[in-house]
Amino acid sequence: MIVMKFGGTSVEDGAAIDRSCQIVAQRIERRPFVVVSALGGATNALLEAGKLAADRQLDKALAIATSLEQRHLELLPSTVSDFTKLRELLGALSAIGELSPRTLDLIASYGEAMSSLIFTHRLNELGYRAVHIDARRVMVTDDTFGKAAPLLDLTSARLEEFARPRIQAGQIAVMGGFIGTTTSGITTTLGRGGSDYSAAIVGAAMNAEEIQIWTDVDGMMTADPRIVPDAYKVKEISFSEAAELAYFGAKVLHPLTVLPAVDKGIPVYILNSRKPGGTGTRVTKDAGPCTNLIKSIASKRGITVVTVSSSRMLMAHGFLRALFEVFDRHRTAVDMVATSEVSVSLTLDNVAALPAILEELKPLGEVTVQDHLALICMVGNNLKYTPGIAYRAFGSVKDINILMVSHGASNINLSFIVAESDANNATQKLHAEFFGEFDRKIFEPPV
Ligand code: ASP
Ligand code: MG
């Protein structure tokens, strides 16, 4: 059997759902287990409605429910009963005036609960034998609402009981992603973007031959095609390369979510539901040989650099600890670090707590902040031990000012910071330098 996961844009409306149903139908002999996201935008809308209701803006919350209802009723009239319940829930929230993570999960779960029923219904209508698997019966998790962790043994047992026999009988199993349940039956969610995680858990638990993540892009690219129009598709990428890229801006897939499958050696493919004939990108456990040094270049805007300079740091210990503790206290992740004997620079992308952080950094030294910066990240194989890589990389951007560099901490990542206004130029130059020739086994030119 295979697991086929369809993201929000692949089920955003009737036409997208029909396209996705056909993709499933064409693979029926491979015994698909389908995992679907909520209709595109539905999760955001549900969460927004919940927050508005708890903020006693019930009218606005109900207006969101009504527009969501129109989209769903058109596809499956019986979802009307879900909206009756959702409205009751929103009414109760506005009466109480507060929203717990547990209730937020319940509200968010409506998206996948309904999209999975819609998908099942449509497959049946088209003449295929599909059966709905209720995630609230099989995806067993702990009770960390908002980011629940699946309990693999229990989930496995329930999949064997509720899904395996159906699939063996030739039916297409369809389940909502993202949703889980505690052992006592309380609805949870696996966190934003969690449907990929659901798909990987199902694949790993049921020993699928393959997991297909159907989305709206051709796969991982050598660079963002909006910045580099002749970027290539990357046919094969290792899990760790994909992980570096995901953080640094390539939002195709959060690779941690597919780790359960990759770990078991189950191939994971990223595929485009608008171009189902494409070969997509295969995420593998280890990187195979590639004649290009670099696999992909990603960039991330909105980076802020904080620099702390202090002569007290000269030959002192404990300074870095004091510094990082400040960021830790404010739950702010630091991404890149560069130090000299008397200064430390670090990058942030979340500046929500920055004013408070700066206040606490003052006693440590002189603090400066630079914003509107971008991080450029090159991912490839064995970068740390390849002579000439820094020469080529920095040579190709010799006219661009570089504010900070990180190289050597990872063997697969070389990153640097430039002004936001230089980011596209830097990406284009690097791409031209490293992809003048390309390994046809690994890369595919745009068609
Ligand atoms: N619908 C959920 C979200 O938007 C889960 C997913 O799409 O993967 O986060
Ligand atoms: Mg998604």
Side-chain angles (χ1 to χ4, degrees), residues 3-13 16-17 19-20 23 33-51 64-65 67-69 71-72 75-76 79 82 86 99 101-120 132-136 138-139 141 144-150 155 174-181 187-204 211-217 242 246-247 250-261 268-274 283:
V3 176
M4 304 178 72
K5 182 260 172 174
F6 293 89
T9 51
S10 302
V11 293
E12 65 190 348
D13 54 23
I17 290 172
R19 264 198 311 272
S20 298
I23 293 172
F33 186 119
V34 176
V35 175
V36 287
S37 285
L39 308 199
T43 310
N44 284 341
L46 286 163
L47 293 173
E48 178 66 16
K51 284 175 191 149
I64 293 179
S67 75
L68 269 180
E69 184 176 32
R71 287 178 68 194
H72 285 80
L75 300 165
L76 185 63
T79 53
D82 294 287
L86 179 64
L99 187 56
R102 173 173 163 174
T103 311
L104 209 51
D105 271 2
L106 179 60
I107 292 183
S109 75
Y110 275 83
E112 272 76 4
M114 295 190 293
S115 67
S116 55
L117 284 171
I118 291 171
F119 205 93
T120 314
H132 184 249
I133 306 288
D134 192 338
R136 290 165 297 191
V138 301
M139 186 57 68
T141 69
T144 316
F145 296 104
K147 212 172 181 38
T155 302
V174 182
M175 185 185 89
F178 181 55
I179 314 174
T181 174
T187 300
T188 55
T189 69
L190 309 186
R192 295 309 307 271
S195 294
D196 292 342
Y197 197 20
S198 304
I201 297 288
V202 170
I211 295 176
Q212 303 176 348
I213 308 280
W214 290 88
T215 171
D216 55 1
V217 295
Y247 170 71
K251 297 250 157 44
V252 177
L253 150 110
H254 196 314
L256 268 188
T257 59
V258 298
L259 186 58
V268 176
Y269 286 89
I270 300 158
L271 295 150
N272 188 345
S273 67
R274 288 179 177 274
V283 184

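We count ligands from 1, going down the list as the structure has it; atoms in each ligand are counted the same way.
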Side-chain contact, heavy-atom cut-off 4.5 Å: L76 with M114?
no

Can you list the ligand 1 atoms lying under 4.0 Å from a non-hydrogen atom of R192?
3 (C), 4 (O), 9 (O)

Ignoring hydrogens and geometry, is there a side-chain-to-backbone donor-acceptor pair from S37 to S195 under 3.5 Å?
no

Nitrogen or oxygen of K5 less than 3.5 angstrom from that of ligand 1
no

May I ask you to list the atoms of ligand 1 that are less than 4.0 angstrom from any heavy atom of T43?
1 (N), 2 (C), 3 (C), 4 (O)

Find all atoms of ligand 1 within a distance of less than 4.0 Å from any non-hydrogen atom belonging to E112, and give their numbers and elements.
1 (N), 2 (C), 5 (C), 6 (C), 7 (O)

Has the side chain of R274 got a donor or acceptor atom that lies under 3.5 Å from a matching backbone atom of R19?
no

Check: S198 side chain, F178 main-chain N or O, donor-acceptor pair, under 3.5 Å
yes

Less than 3.5 Å between some nitrogen or oxygen of G191 and one of ligand 1, yes or no?
no

Taking only heavy atoms of S37 into account, list the atoms of ligand 1 that are under 4.0 Å away from them.
6 (C), 7 (O), 8 (O)

Taking distance alone, with N or O pairs closer than 3.5 Å, would you say D196 contacts ligand 1?
no

Do D105 and T187 meet the criterion of a side-chain donor-acceptor pair at a distance under 3.5 Å?
no

Derivation and outcome, side-chain contact (heavy atoms from CB on, under 4.5 Å), residues T79 and L117:
CA-CA 9 Å; T79 53; L117 284 171; 5.5 Å; no

Is G111 close enough to touch ligand 1? Criterion: a residue heavy atom under 4.0 Å from a ligand atom.
no

Any G193 heavy atom less than 4.0 Å to ligand 1
yes

For L99, does its backbone N or O pair with a side-chain atom of T103 as donor and acceptor, under 3.5 Å?
no

